[in-house]
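Lettering follows sequence order; numbering is per chain, from 1.
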There are 2 protein chains.
Amino acid sequence: MISCCSPGLSSEEEKKLQKMAHALGNPVRFEILKFLFTQPGCITGDIVDILPVSQSTTSQHLKVLKDAGWIEGEVAGTAVSYCLNQRDISWFQESMKDLLKD
Amino acid sequence: MISCCSPGLSSEEEKKLQKMAHALGNPVRFEILKFLFTQPGCITGDIVDILPVSQSTTSQHLKVLKDAGWIEGEVAGTAVSYCLNQRDISWFQESMKDLLKD
DNA sequence: ACATATAATCGTAAAAATGCGATAAAAAAA
DNA sequence: TTTTTTTATCGCATTTTTACGATTATATGT
């Protein structure tokens, strides 16, 4: 890994990092992530219940988080059960560590 | 530090984390940070030169990065010399590590 | 088949972010 | 003092994001 004199990320990785950062930088989406940390496997409706926004808005935020890599959704009947995407989250944390270090 | 069953961050810390994430999630600002990594101490004009946006727009992005904690500016004559804010960056990286771990 | 439950998508309105040129401010140089 | 250099701020236009209700889609239950 390159870390002595330049950020050690490929162009694709940078894009992904930006996308995840952008998704994280919204208070509603941040709240969703916090909730999923304590309530893994909960369904969309559960998340709607604890947020100050509508079902459709929540659904859009979940889509942004999923596309960015923060969460994963599993269809369970008519519902969708969401969990944190541990792989991408760990990658994000590692990449942040590597991004701007001396 | 709390990490067994909940994100170990205070409300203030969460706000700061969100602000830093939001600032990072913009391609122009991301580019500025990458540039400052390789060119610490450079002045606003140097940054303007490598960006596809105007001086006034660059100045606004620098303000966002400074307010969020990513960079610091030091007045040097009529110019302002910018560096990465290592303290806040390290804090961000640590907080990201702690935020959503099992 | 019909009704119910759950979530996603569509269309659109409101709010926020981004961008620019012009101008102001402040220090340095002439 | 006047001019130059450099950056910040103002006013405004454009684009993007956020939000909502209404509708659609899909699976489940009756």
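Using a 4.0 Å cut-off between charged side-chain N and carboxylate O, A/E14 and B/K34 make a salt bridge. A salt bridge links B/D88 to B/K16: at least one charged side-chain nitrogen sits closer than 4.0 Å to a carboxylate oxygen.
The shortest distance between the side-chain N/O atoms of B/H61 and the OP1/OP2 oxygens of C/dG19 is below 4.0 Å.
For the contact set between residues 41-49 of chain A and DNA chain C, defined by any heavy atom under 4.0 Å, the members are A/I43, A/T44, A/G45. The stretch residues 20-30 of chain A has no heavy atom under 4.0 Å from DNA chain C, so no residue of it qualifies as close.
Distance, A/D67 CG to C/dA8 P: 11 Å, rounded to whole Å. Remark: P of C/dA7 and CD1 of A/I71 are 12 Å apart, rounded to the nearest angstrom. Atom OH of A/Y82 is separated from atom P of C/dT6 by 15 Å (rounded to the nearest Å). With rounding to whole Å, A/L62 atom CG is found 18 Å from D/dT17 atom P. As rounded to whole Å, 12 Å separates atom P of D/dT18 from atom CD of B/Q18. One interatomic measurement links the two molecules: CG of B/L65 to P of D/dA8, which rounds to 12 Å at whole-angstrom precision. Look at CD on A/E72: it is 17 Å from P on C/dA7, rounded to the nearest Å.
Among residues at least two apart or in separate chains, ring pair (Phe, Tyr, Trp, His ring centres under 6.0 Å) pairs with a member in residues 47-81 of chain A are A/W70-A/F92.
In this structure the side chain of B/N26 never reaches within 4.5 angstrom of the side chain of A/H22, judged on heavy atoms. Between A/L36 and A/I47, some side-chain heavy-atom pair lies under the 4.5 Å cut-off. Taking 4.5 Å as the limit, some side-chain heavy atom of B/L51 sits within range of a side-chain heavy atom of B/E31.
Minimum heavy-atom separation, A/L84 to A/F37: CD1-CA, 3.9 Å. Taking every heavy atom of both residues into account, A/C83 and A/G41 meet most closely at SG-N, 3.5 Å. In this structure, B/S81 and B/I43 approach most closely via the heavy-atom pair CA-CG2, 4.2 Å.
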Item to check | Base versus backbone protein contacts along nucleotides 20-30 of chain C [heavy-atom cut-off under 4.0 Å; B, S, -] | outcome: BBB----BS--

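Taking A/E74 as the reference, nothing meets the side-chain hydrogen bond (donor to acceptor under 3.5 Å, both in side chains) condition, with sequence neighbours excluded. Listed by chain and residue number, B/S54 satisfy the side-chain hydrogen bond (donor to acceptor under 3.5 Å, both in side chains) test with B/S56 (two or more places apart in sequence, or in another chain).
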